[in-house]
Amino acid sequence: MDASLLTIQPNAPEPIYRQIVEQLRRLVAGGQLAAGELLPSVREVAGFHAINPMTVSRAYGLAEAEGLLERLRGKGMAVAATRRAGQTEHQRLALLEPQMVELARHARELELPAEPVLRRLTRLLGD
Amino acid sequence: MNAMLREKESVAAVPLAARGLTHCYEGSNVLRGVDLALEPGSVLGLIGRNGAGKSTLIRAMLGLLQPLSGSAFVFGEPALKLGDDAKARLAYVPQQPEALAWLTAQQMLDYVGRFYPRWDTEFARKTLERWKIQPNKLLAKLSPGERQRVDLIRALASQPELLVLDEPAAALDPVARRELLREVALRAGDSGTTVLFSTHIVSDLERVASEIAFLHEGHLLLRCGVDETKERYGRLWLPAAKSAAAPAQALSRRRHDDGSLSLVVERDAQGRWPEAAELPGARVDALGLEDLFVEIAE
Amino acid sequence: MKIVRLLGLPWMALSRRWRVGTGISFALLFAAIPVAGTMKWRGFAGTPGIVHAMATFDCLFWALTLSQSLLLAREAHRLRLPRLGRNIYTSLILYALLTIALPALLLSWLGGNAEVALTECALGAGLGMAYATLPAYLGVFVCFVPMLSDHAGPWLPMPARLPDGFLAWAAPCTLTLWLLIASFWRSNVRRDLGLIRGRRPIIMNLRMQAWYGNTCSNNGEVELIRRRMRWLQPEVDLRFSGPGHTVRNLRIAMGGLGMPLTTSSRLKQVTIILASTAIPLLVMGIAWHGQPFLSNFLRSSELLVFGLSLLSAVLALAPAQTLRHRWNRPNAELPLLALLPGLGDSAEVKRSLLQANLLPTLSLQALLMLAMLGVAAAVHMNAGIRIMLLLGPATGATMLTAFALISLGGVRIGDGRQFALAIYGYLLISISVLLALPLFGSQSPISIPGVALIAAVAWATLFAILLRLAQRGWRGLRQRPHPFLIQ
């Protein structure tokens with residue numbers, strides 16, 4: 001994996017370390033990052049995006065604690081081998097949770113009943 | 001006795017510390033009792049509006065000016081009486097540096113380099129080349145941005161343990177600014193350099209700073225980690241009907257024309273927003289640092 | 001537009017303070033002309049004298065006041081205000097009628113030669129205008145014109161003696177001069193920006209300097225280096241610098257006259273100084289060839305020792321001023337030196353700082369003093385004169401030390417007060433030495449008891465002030481934790 005695969009928005013309200021973890025989760029869950037694939041070193045990521053290395057290590061540490069990554073001796077961080085590209089449906093759905101909460105809030109603010117929203121969503125999902 | 005010794009040691013470990021700094025210019029107070037300490041290896045971004053006293057605070061912390069009251073310490077030594085050892089471990093780049101205009105960039109680096117035991121001649125040469133600065137041009141003839149870059153090279157080539165930059169990005173173009181931030185970030189990561197930099201460009205700070213300090217009208221309003229700040233503070237909006245229920249504790253409070261209320265609020269120890277956030281119609285928005293800065297400084 | 005407003009227009013380009021000052025001075029000067037004419041003061045008798053005075057007045061008036069309209073015309077052109085542009089021309093024509101045509105008319109009515117008066121006034125006004133609005137390299141030649149009128153008499157007919165001969169050469173010259181002014185005026189107004197320095201008229205140079213002086217913290221020193229050609233720039237000698245060479249380190253960091261230079265650069269600087277003093281002497285030699293004045297001037301040992309005495313005092317001003325500016329700039333040398341390791345402890349740095357800043361100038365002053373005493377001994381001047389002469393270098397050294405100490409010690413004293421003190425000192429030296437020299441007969445005026453008493457009091461006051469300042473500065477410097485504190 002290359003450091004350029006990550007996108008960092010420093011002025012977003014979300015802290016940079018969370019942005020990294022979130023992207024790693026999605027990349028792993030979506031299968032773009034295969035099990036055992038090596039991640040760029042903390043220095044590489046920090047240098048490429050001109051961000052504080054501590055922020056990157058914090059993100060990696062969090063991902064490691066989550067079981068997303070594992071530390072390979074002498075090689076650095078890699079996608080955890082125990083991770084299958086296909087996680088359980090429940091786990092993958094959990095990744096969508098923040099966006100769904102947000103969608104629900106907007107729907108309520110617009111005073112839309114659930115039915116048309118769900119109908120539109122179904123069509124968007126292409127089923 | 002032991003306790004005193006330990007305290008002295010812990011003070012020596014702190015690269016930069018200020019206690020109760022007060023200063024005034026021509027009768028108006030610029031600093032009103034500022035306490036600030038930097039942990040080793042941290043990157044502290046000092047933020048504030050123009051004229052908030054950032055430069056004065058930095059100068060007072062480095063012993064470049066004599067404050068009215070209070071004291072400052074660099075590596076545990078009183079800032080006004082630094083020894084050679086502490087000076088060799090410290091590098092400072094002032095805002096719009098204009099020193100030694102009668103020397104060429106190369107001469108200035110040669111001259112200053114003689115005084116630093118860990119001076120990196122190779123780094124200075126390569127960086128001059130990389131940043132496309134003619135080494136034989138007189139400093140007076142360089143543009144403000146080039147001048148600032150030469151001074152940054154001067155500071156970085158001495159391989160400091162404490163790097164203090166006053167508005168380093170003000171005269172730099174976006175590319176040069178990004179390069180500087182990268183250099184600062186990597187120095188902090190590789191050699192554990194402690195960095196203090198002041199700026200009013202918030203996005204610079206969000207990239208490399210591990211901590212921020214808000215200086216507003218001579219007071220330190222806020223001092224915490226960048227990530228924690230973003231997670232801990234939010235903007236609570238209350239409709240006019242519910243504005244009476246606003247929490248008493250808020251960093252800033254603004255009433256809009258329609259009677260609704262905007263407050264900057266803080267999560268409690270359990271990570272919960274104040275109770276008013278649960279009221280119907282109330283809303284909590286996440287705040288970027290820039291928004292937070294504007295809300296507080298206004 | 002009313003005539004009064006038209007007449008006021010050129011004054012708009014002047015700052016308020018200048019407007020009042022020049023207005024009053026010119027009014028007084030103008031009033032003095034008829035008074036001098038009627039009182040027949042110093043050969044001002046008759047119309048030729050009045051015409052001459054009027055022409056001189058016109059020269060000054062057009063150079064210092066009306067030429068400023070060029071700046072206004074440029075602005076009017078740049079801001080696309082054609083009416084203002086036209087008004088400026090109308091007002092200049094009005095002034096030409098008032099200061100050139102009207103006096104000529106009046107003088108012819110009084111019985112003078114109208115053509116000569118018209119030509120001479122127009123020539124005077126044209127010279128003044130040329131000085132201010134022609135490119136600087138042409139404008140300076142106007143300064144040589146008074147010399148021409150004094151010394152070209154035998155081969156150039158002057159109006160007082162040969163009115164017709166004068167008209168024959170002066171009328172075409174005046175016409176050409178005004179055409180030249182008009183063409184340069186036009187190009188100066190139209191060119192938007194970026195006039196090359198040499199081609200800029202003097203008034204615009206002055207305007208630029210005023211601008212730089214007010215906005216930049218670095219007092220034009222950087223601007224000077226920036227404009228100076230590279231080969232004129234002194235080349236620093238970095239050998240023997242670094243830890244352990246504190247005085248030399250500080251001389252490098254202070255820049256200016258005391259900076260150590262490489263041998264070739266030092267030679268070049270000396271050559272430049274010698275050449276720049278030799279050339280004016282050469283020009284004077286050619287201009288006054290065969291006149292007794294020059295040989296008298298060069299042979300006059302009195303003027304030479306007076307010059308040396310005054311010069312050794314004036315030398316104090318530049319280094320003191322440089323130091324003052326160094327200690328007023330918070331982002332320049334002060335923070336760099338304050339945080340530079342290896343300069344030595346605070347007491348040593350303070351001592352070395354005084355050495356580095358005072359010694360080069362003090363030794364130069366000592367050299368001048370020795371030269372002065374040598375000349376004085378060679379021509380057997382008496383002890384009284386020698387003591388008076390010594391007051392020059394003594395004032396210079398004390399002034400330098402006092403001004404340096406107040407800068408280094410952080411004593412706040414206004415720019416104006418320091419300048420006034422320097423002027424007071426220099427006036428005192430000039431007056432005392434001139435009074436001591438036997439220039440006006442055998443007895444020097446300073447030996448009159450009353451004069452001597454006044455001089456003594458004046459000198460005591462000067463030294464008391466200087467020593468008090470030095471003491472305050474010294475105390476301030478000793479109390480500072482390090483000498484590079486920002487105010």
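Per chain, numbering begins at 1; letters A, B, ... match sequence-line order.
In this structure, B:Arg178 places its CZ atom where only 12 or fewer heavy-atom neighbours from other residues, nucleotides or ligands lie under 6.0 Å away. Counting heavy atoms of neighbouring residues, nucleotides and ligands inside a 6.0 Å radius, atom CD of B:Glu290 does not exceed 12 of them. Applying the 6.0 Å contact sphere to CD of A:Gln9 captures no more than 12 heavy atoms from other residues, nucleotides or ligands. Heavy-atom neighbours of B:Arg223 CZ from other residues, nucleotides or ligands within 6.0 Å: above the threshold of 12. Within a 6.0 Å sphere centred on CD of B:Glu39, heavy atoms belonging to other residues, nucleotides or ligands number 12 at most. No more than 12 heavy atoms of other residues, nucleotides or ligands sit less than 6.0 Å from atom CZ of A:Arg71. Surrounding CD of A:Glu109 are more than 12 heavy atoms belonging to other residues, nucleotides or ligands, all under 6.0 Å away. Applying the 6.0 Å contact sphere to CD of A:Gln23 captures more than 12 heavy atoms from other residues, nucleotides or ligands.
Heavy atoms of B:Arg283 lying under 4.5 Å from chain A belong exclusively to its side chain. Within the 4.5 angstrom heavy-atom criterion, only backbone atoms of B:Leu287 (N, CA, C, O) approach chain A. Residue B:Val226: no heavy atom, backbone or side chain, is found under 4.5 Å from chain A. Contact annotation for B:Asp190: only side-chain heavy atoms (C-beta onward) come within less than 4.5 Å of a heavy atom of chain A.
If you take OH on A:Tyr17 and NZ on B:Lys230, they are separated by 11.0 Å, rounding to the nearest 0.5 Å.
Remark: side-chain polar atoms of B:Arg182 are paired, donor with acceptor, to backbone N or O of A:Gly47 under 3.5 angstrom. At distances below 3.5 Å, at least one donor-acceptor pair connects side-chain atoms of B:Arg207 with backbone N or O atoms of A:His49.
Looking at every heavy atom in both residues, A:Asn52 comes nearest to B:Ala209 through ND2-C, 4.1 Å. The minimum heavy-atom distance linking B:Glu206 with A:Ala12 is given by the pair OE2-O, 4.2 Å. What you find for B:Ser203 and A:Asn11 is that their closest heavy atoms are CB-ND2, 4.4 Å. Between A:Pro13 and B:Ala286 the shortest heavy-atom distance is CB-CB, 3.6 Å. Here the closest heavy-atom approach between residue A:Met54 and residue B:Gly41 is recorded as CE-O, 3.6 Å. A:Ile16 and B:Asp227 make their closest contact through N-OD1, 4.1 Å (heavy atoms, listed as atom of the first residue, atom of the second, distance).
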Fill in: Chi angles and distances behind the salt bridge (Lys or Arg N to Asp or Glu O under 4.0 Å) call for A:Arg18, B:Glu228
CA-CA 11 Å; A:Arg18 277 189 188 277; B:Glu228 288 73 40; over 6 Å; no
